[in-house]
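Side chains included, hydrogens not; waters and symmetry mates left out as well; all remaining heavy atoms used. In what follows, residues are counted from 1 in the order of the sequence shown.
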Amino acid sequence: MAQAAVAPGLDLTAGVGAHQETLSKLEALVEEIDAALARRKSNGHLRRAIKAFRRGKIVRAGQLALSATEVDDTNAQAFHVLAMALERMGHLHKALVTYERSFQLDPNDPELLLNLGLTAWNQGLTAGAEKMFQLYIQACPESPLGYNNLGSVQSDLGNPDTAIETLRAAIYRMPMESILWNSLATVLAEEGRVDESLAFYEEAVRLAPDFARPYHNLGYAYSHLGRLGDALEAYENSLARSVDEAEQRESRHSRSVCLIGMGRLEEGFREYEIRNTERFRAYVHHMTNAPLWKGEPLTGKRILIVGEQGLGDEFMFANILPDLTNAVGETGKVQIAVDPRLVPLFQRSYPNAQVGAYDDRKLLDPDGAKELRFIPWAMENGEPDFYAPMGTALQFYRKRVEDFPKVAFLTPDPARVTEFRKRLEALGSGPLVGVCWRSMMLGAKRSKYYSPLDTWGPILKTPGVTFVNLQYGDCKDELARASTLHGVNIHVFDDLDLKNDIDGAAALSATLDLVVSAPTAAAATAASVGAEVWFLTAGRTWPQLGTDHYPWYRATKVLSPETFGDWKALMPRVGEKLREFALHTAN
């Protein structure tokens with residue numbers, strides 16, 4: 001076959017090079033066509049994912065978005081929707097990684113900054129979240145969402161004044177945005193300025209009457225002000241408007257606590273079981289295969305009862321243990337899992353039960369952080385017939401306030417009670433009053449619930465009273481300051497570790513004539529062994545169950561100011577009552 005002649009002087013390699021370049025261009029064109037086809041197919045999955053997401057079918061949306069990323073792993077929008085679905089399903093760690101992938105593919109999408117910041121915030125990466133929201137504001141200065149989230153995260157970082165200024169300036173700029181009024185109200189409420197917050201919440205509701213969140217937060221504010229009827233109505237309004245499942249769970253939980261606080265115990269304790277829903281924000285995975293107890297007969301059965309939430313609630317909910325030990329009968333068994341510090345006290349109090357410690361761990365896996373509670377000793381002889389968080393039993397045995405027996409339900413060590421009694425006798429005559437003024441968990445948001453020791457002058461100056469320290473943790477500086485400020489010595493047992501030796505703290509509390517305390521573990525310890533306890537609260541609290549005391553315990557009073565957190569107004573009133581108590585005790 002004839003071939004075309006090669007022109008003289010033509011470099012043959014150039015001809016080969018031209019062919020290779022042409023082939024490369026053809027390959028690039030094919031790849032471009034393939035990429036376009038892949039993107040078209042990927043976007044088809046993506047459109048269906050978005051429709052599913054809008055219909056509330058989050059799992060299906062996630063599956064479709066995942067398919068979209070598998071077809072085209074450069075589709076930033078597909079990764080974005082996948083991350084949103086993962087976040088809504090509670091897989092926060094996966095969501096964070098997926099948002100980051102989407103942002104790498106499309107760093108010019110401001111919505112990614114917003115969602116990336118929110119997920120980082122939910123993962124506890126607060127400083128990173130603040131930066132993301134600042135970047136979002138730079139990209140979208142006319143959107144209220146950036147200012148809303150920035151102000152909220154600034155409050156979380158302990159900078160309420162900065163948060164208030166951020167939100168106030170945004171409201172001046174966008175006065176019709178309900179979400180900004182809601183967030184400013186929330187910052188005020190978290191700072192203890194609950195009365196002030198009401199007007200801002202009400203404006204948020206007026207501007208967006210179908211927006212669920214302000215109703216929920218309004219319920220929170222009303223609860224702190226003791227207006228539980230108004231709070232219940234607000235929570236119900238929130239539930240009626242909420243389309244987000246996570247928000248619905250939060251509102252159901254808040255509504256249940258409100259019902260309990262009103263004394264509507266049967267309904268309240270039943271609804272309180274929302275906390276045992278796996279998707280609930282504070283859900284704890286109990287590492288047992290036993291079924292959750294739902295009120296089945298317990299005679300002859302073995303049931304594992306697990307302490308929950310915090311030390312104070314473990315004491316308070318232990319009110320139910322006598323009922324359970326009676327319910328299983330002589331042939332059954334109650335296993336009680338509690339904080340390791342409580343084991344000696346609970347074992348002494350319930351000698352026929354098996355008492356041990358739980359072991360808490362946090363698992364960070366591709367699905368996010370999980371709170372796990374291990375109780376391996378309870379499964380040594382096989383799985384129990386049932387398990388239940390301690391508070392779950394309340395719905396079956398405490399349907400009315402009258403169902404609380406008001407007796408001591410924990411037994412301190414008799415030998416240590418005798419020892420402390422002898423040591424206290426050496427301090428002199430007059431009533432012995434234990435004091436505790438705060439929790440150890442005293443972050444910016446919790447401080448409003450506790451009175452500084454500086455305000456305790458009207459109490460500590462009560463004549464004829466010997467004060468004994470029950471405040472756990474490092475409080476030497478506070479005690480020294482109180483001595484200088486009030487001219488009063490609060491006696492300290494230096495050899496008693498009030499934080500870790502709970503058995504010793506219980507024995508000491510049992511020897512006292514009275515305990516005056518904030519609502520802390522120290523107060524719960526004393527009340528559970530039968531000591532008389534006055535709870536000093538910033539406002540009405542749900543454990544009052546609609547009464548003026550804590551029905552969980554033998555002898556209690558609740559003393560709170562008329563205005564939430566107004567300690568200066570409360571303390572003289574408490575001091576007067578303590579003087580009356582001292583005179584009565586002396587006579």
Side-chain angles (χ1 to χ4, degrees), residues 312 315-316 404 406-408 412 417 420-438 450-471 479 482-483 485-493 498 505-541 543-544 547-562 566-587:
F315 276 114
M316 191 166 69
F404 287 81
K406 294 187 180 179
V407 296
V417 169
F420 279 119
R421 184 168 286 123
K422 289 179 180 178
R423 295 175 68 178
L424 288 167
E425 287 173 356
L427 299 181
S429 59
L432 299 163
V433 178
V435 293
C436 177
W437 54 94
R438 60 168 172 79
Y450 303 102
S451 55
L453 192 55
D454 285 4
T455 66
W456 279 56
I459 298 173
L460 297 175
K461 292 177 181 178
T462 305
V465 173
T466 299
F467 292 99
V468 178
N469 181 55
L470 294 178
Q471 179 63 59
L479 289 169
S483 178
L485 192 62
H486 306 306
V488 173
N489 179 50
I490 300 174
H491 187 80
V492 177
F493 288 100
L498 289 163
L508 172 60
S509 299
T511 66
L512 301 173
D513 297 296
L514 175 67
V515 171
V516 180
S517 175
T520 64
T525 303
S528 67
V529 297
E532 182 173 352
V533 179
W534 293 359
F535 288 84
L536 306 188
T537 66
R540 189 186 184 105
T541 62
Q544 292 178 236
T547 72
D548 60 356
H549 58 286
Y550 275 28
W552 313 78
Y553 306 114
R554 185 189 69 83
T556 64
K557 290 180 182 177
V558 172
L559 301 169
S560 57
E562 292 184 8
D566 188 357
W567 302 111
K568 289 183 179 179
L570 175 66
M571 293 314 189
R573 183 156 59 93
V574 179
E576 182 59 35
K577 288 188 176 294
L578 185 57
R579 281 190 288 276
E580 295 173 3
F581 178 87
L583 287 171
H584 178 76
T585 304
N587 295 330

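- In this structure, CG on Leu453 lies 10.0 Å from SG on Cys436, to the nearest 0.5 angstrom.
- Side chains of Trp456 and Ile490 form no contact here, defined as non-hydrogen atoms less than 4.5 Å apart.
- Nearest heavy-atom pair, Thr556 versus Ala527, reported as atom, atom and distance to 0.1 Å: CG2-CB, 4.5 Å.
- Between the side chains of Thr541 and Gln544, a donor-acceptor pair is found at a separation under 3.5 Å.
- Summarising the geometry, atom CG belonging to Leu570 is positioned 6.0 Å from atom CG belonging to Leu536; distances are rounded to the nearest 0.5 Å.
- Within the 4.5 Å cutoff, the side chain of Phe493 has heavy atoms near those of the Val468 side chain.
- Of all the heavy atoms in Asn469 and Leu479, the pair that sits closest is OD1-CD2, 4.1 Å.
- Inter-residue side-chain proximity for Pro519 and Tyr550 is flagged as met; some heavy-atom pair is nearer than 4.5 Å.
- Closest approach of Phe467 to Ile459, counting heavy atoms only: CZ-O, 3.2 Å.
- Taking the side chain as every heavy atom from C-beta outward, Thr520 and Phe535 never approach each other to under 4.5 Å.
- Judged by distance alone, with hydrogens and angles left aside, the side-chain atoms of Arg554 form no donor-acceptor pair with the main-chain N or O of Val529 at under 3.5 Å.
- When all heavy atoms are compared, the tightest approach of Leu508 to Phe420 is N-CD1, 3.7 Å.
- Rounding to the nearest 0.5 Å places CG of Leu514 at 8.5 Å from NZ of Lys557.
- Interatomic distance, OG1 of Thr462 versus NZ of Lys577, reported as 13.0 Å (0.5 Å rounding).
- Residues Asp566 and Lys568 meet the side-chain proximity criterion, which asks for heavy atoms closer than 4.5 Å.
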